[in-house]
Participant: 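Below are the structure tokens for one structure; questions will follow.
Order of the sequence lines fixes the chain letters, A, B, ..., with proteins taken first and strands second; residue numbering starts at 1 for each chain. All figures in this text were calculated on a predicted structure; none of them were measured in a lab.
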Amino acid sequence: MSLKRQRLMKPPLLLIPISLIQSNQSINHLLPKTRNPNFSASKSPMSSVSSQQQFRYTQTPSKVLHLRNLPWECTEEELIELGKPFGTVVNTKCNVGANKNQAFIEFEDLNQAIQMISFYASSSEPAQVRGKTVYLQYSNRQEIVNNKTAADVVGNVLLVTVEGEDARMVSIDVLHLVFSAFGFVHKITTFEKTAGYQALVQFSDAETATSARTSLDGRSIPSYLLPEEVSQCSLKITYSAHTDLTVKFQSHRSRDYTNPYLPVAPSAIDSTGQVIVGVDGRKMEPESNVLLASIENMQYAVTLDVLHTVFVAFGAVQKIAMFDKNGGVQALIQYPDVQTAVVAKGALEGHCIYEGGFCKLHITYSRHTDLSIKVNNDRSRDYTMPDAAVAMAPQPSHNPYPGNSQQYHAAGASHYQQQQHQQPQGGWGQQSGGQGHDPYMAAPSMHQGPGGHMPPHHYGGGPSGPMH
DNA sequence: AGCACA
């Protein structure tokens, strides 16, 4: 009776799905008539159920269906699967509500939504996702609004927000290093928005981007990748709507690792050729002619001479000081100029001195500009001192680069050129452009160029590796 | 288990 009134009250009678009537009938079948002959919906203690049914009947059909009691973080794919038998799902919105267990699906056509409601209203099998019963009803809205933001659309470019007090201290190089663990990073741009310090990181494909996003979203950048005194920085990662970033110059704001010959931004170079511009025009992680190298996974002894051999490949090494810190070995390596240090850092950062992931270098710029070497010994050396060569005389037998140990020359640039041809020795040298085809090495004038085209496969240990 | 603000 009340049902009849409901129906009469609805002018667009034809829009009320027949199934609702069927639903009512099937509910009638289920009513405990035999046990409770006096049962009636209006008088029953189950009036709440009754009002629920009432609620359902008052729902105006919509091609949008509201689903609830979904399993946690139900995916769009699962929703589409659920709706597919009844029509074309043109839009979804999942993870709705505080518990993220509600969702909306929008059909192409109203009748398809009616079909789905009708079917499950009369079906003995409830709608299910992952074996969990899902409750369906017409949404009280006629379309899903703004379901997908760019952040939800899978793509090959990630929008990375660096969060933390010192977020701006995270250099583009560190970002490159972190994301390279998942695949070749084509381009990175950084910028400042209200959301804070952000970066767009472009991968070859959406799959790679997704693996990076999955592994890194919400994680913190390892502290050893950050300059000293920089507090925790975490990454929030979504997808970007971009598919191909435009990078005009290599700079501290943007890099194109697919094009190492791209000119360095004029604004990023001062009269001495030093890169001075940081993110947002500020000088971040100030470059220095002195590098701080920490050595991870030091399975083999890394001696002063080994370090000298490694770092002299990029230019004259003036001084080296080794010391123990945090249970590991660190070293300060002093070059005559910042450019050389930049080149060395870009080429060596994250790479291993020995094959097999042994003695991996993590390099930052030191605050020092001139080391004070009090004594030449096995931990510290001033190669600019006249007697340095004498002090260097005893060579450790395990020095893997015995032929290189006398390579120090006072000259700067000419020495740099010269070293390019002597450099390809040992494990890391094979990767760092030893064949001479490495455009980075071939073009020393690109002093701020990307460290990016060095294969990152010695870094990090893959997607599950570098982050903690 | 009951309607979304990204």
Side-chain angles (χ1 to χ4, degrees), chain A residues 6 15-17 19-20 23-24 26-27 30 41 44-80 82-83 86 89-108 110 112-114 116-121 123-155 157-161 163 193-196 198 200 209-210 213 217-218 235-242:
Chain A
Q6 287 287 340
L15 286 182
I16 295 183
S19 64
L20 289 188
S23 146
N24 179 59
S26 72
I27 285 169
L30 296 172
S44 160
M46 296 173 68
S47 57
S48 65
V49 171
S50 176
S51 69
Q52 280 189 5
Q53 301 306 328
Q54 202 99 351
F55 184 57
R56 285 178 65 173
Y57 291 116
T58 60
Q59 295 291 291
T60 306
S62 164
K63 59 188 196 306
V64 181
L65 302 184
H66 176 232
L67 321 198
R68 56 201 158 84
N69 200 41
L70 287 160
W72 185 70
E73 288 199 349
C74 173
T75 65
E76 174 177 34
E77 287 69 31
E78 289 170 311
L79 297 179
I80 293 173
L82 195 65
F86 306 97
V89 176
V90 296
N91 207 350
T92 65
K93 182 166 185 63
C94 25
N95 304 327
V96 169
N99 298 328
K100 305 242 182 240
N101 58 358
Q102 299 175 47
F104 298 92
I105 65 177
E106 179 176 338
F107 282 101
E108 180 183 53
L110 176 65
Q112 296 171 350
I114 293 172
M116 186 166 181
I117 292 290
S118 304
F119 177 84
Y120 285 113
S123 168
S124 56
E125 293 294 318
Q128 289 187 327
V129 170
R130 291 183 226 166
K132 198 170 181 219
T133 295
V134 172
Y135 299 91
L136 300 170
Q137 61 189 154
Y138 296 113
S139 171
N140 53 26
R141 303 197 197 181
Q142 291 304 116
E143 60 182 5
I144 294 177
V145 294
N146 251 353
N147 172 53
K148 281 181 188 157
T149 63
D152 297 322
V153 181
V154 173
V157 178
L158 297 177
L159 172 62
V160 180
T161 305
E163 299 187 327
K193 279 282 182 64
T194 50
Q198 294 187 300
L200 291 164
T210 299
R213 191 191 84 95
D217 187 21
L235 302 173
K236 284 277 171 57
I237 306 176
T238 64
Y239 294 103
S240 162
H242 291 89

Participant: So, Phe119(A) versus Phe86(A), ring centres under 6.0 angstrom or not?
Facilitator: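 Yes, ring centres under 6.0 Å apart.
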Participant: Send over the distance from Asn99(A) CG to dC3(B) P, rounded to a whole Å.
Facilitator: 11 Å
Participant: Expressed as a whole number of angstroms, how long is the span from Lys93(A):NZ to dC3(B):P?
Facilitator: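 To the nearest whole Å, that distance equals 15 Å.
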Participant: Please state how far atom CG in Leu79(A) lies from atom C1' in dA4(B), giving the value in whole angstrom units.
Facilitator: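 That distance rounds to 14 Å.
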Participant: Rounding to an integer number of Å, can you tell me how far Phe104(A) CZ sits from dA4(B) C1'?
Facilitator: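 Taking CZ of Phe104(A) and C1' of dA4(B), I get 5 Å after rounding.
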Participant: Let's see if you can work this out: which of dA1(B), dA4(B), dC3(B) has an atom nearest to the side-chain heavy atoms of Asn101(A)?
Facilitator: dA1(B)
Participant: Arg141(A): which residues meet the salt bridge (charged side-chain N to carboxylate O under 4.0 Å, His left out) condition with it, sequence neighbours left out?
Facilitator: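 Checked Arg141(A) against salt bridge (charged side-chain N to carboxylate O under 4.0 Å, His left out); zero matches.
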Participant: Which listed nucleotide (dC3(B), dA6(B), dA1(B)) is nearest to the side chain of His66(A)?
Facilitator: dC3(B)
Participant: Which whole-number value in Å describes the distance from Asn95(A) CG to dA4(B) C1'?
Facilitator: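 Spelled out: CG on Asn95(A) to C1' on dA4(B) is 12 Å.
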Participant: Would you mind reading off the distance between Tyr120(A) atom OH and dA1(B) atom P, rounded to a whole angstrom?
Facilitator: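 Between P of dA1(B) and OH of Tyr120(A): 19 Å.
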Participant: Using whole Å, what does the distance between atom C1' of nucleotide dA4(B) and atom CG of Asp152(A) come to?
Facilitator: 12 Å
Participant: As an exercise, state the distance from CD of Glu78(A) to CD of Glu73(A), rounded to the nearest 0.5 Å.
Facilitator: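 So the gap between those two atoms works out to 11.0 Å.
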Participant: Check the phosphate of dA4(B) against Arg141(A), side-chain N and O only, distance under 4.0 Å to OP1 or OP2. Yes or no?
Facilitator: yes
Participant: How many Å lie between CD1 on Ile144(A) and C1' on dC3(B), as a whole number?
Facilitator: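 Going from Ile144(A) (CD1) to dC3(B) (C1'), I get 11 Å.
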Participant: Please assess Glu106(A) against Glu143(A) for the test side chain to side chain contact (heavy atoms under 4.5 Å, CB included), listing each intermediate value before the final yes or no.
Facilitator: CA-CA 7 Å; Glu106(A) 179 176 338; Glu143(A) 60 182 5; 3.9 Å; yes
Participant: Select base, sugar-phosphate, or nothing to describe what Glu143(A) touches, counting heavy atoms under 4.0 Å on all strands.
Facilitator: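 Contact class for Glu143(A): base.
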Participant: Contact class for Asn69(A) (heavy atom, under 4.0 Å): base, sugar-phosphate, or nothing?
Facilitator: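 Sugar-phosphate, backbone atoms only, no base.
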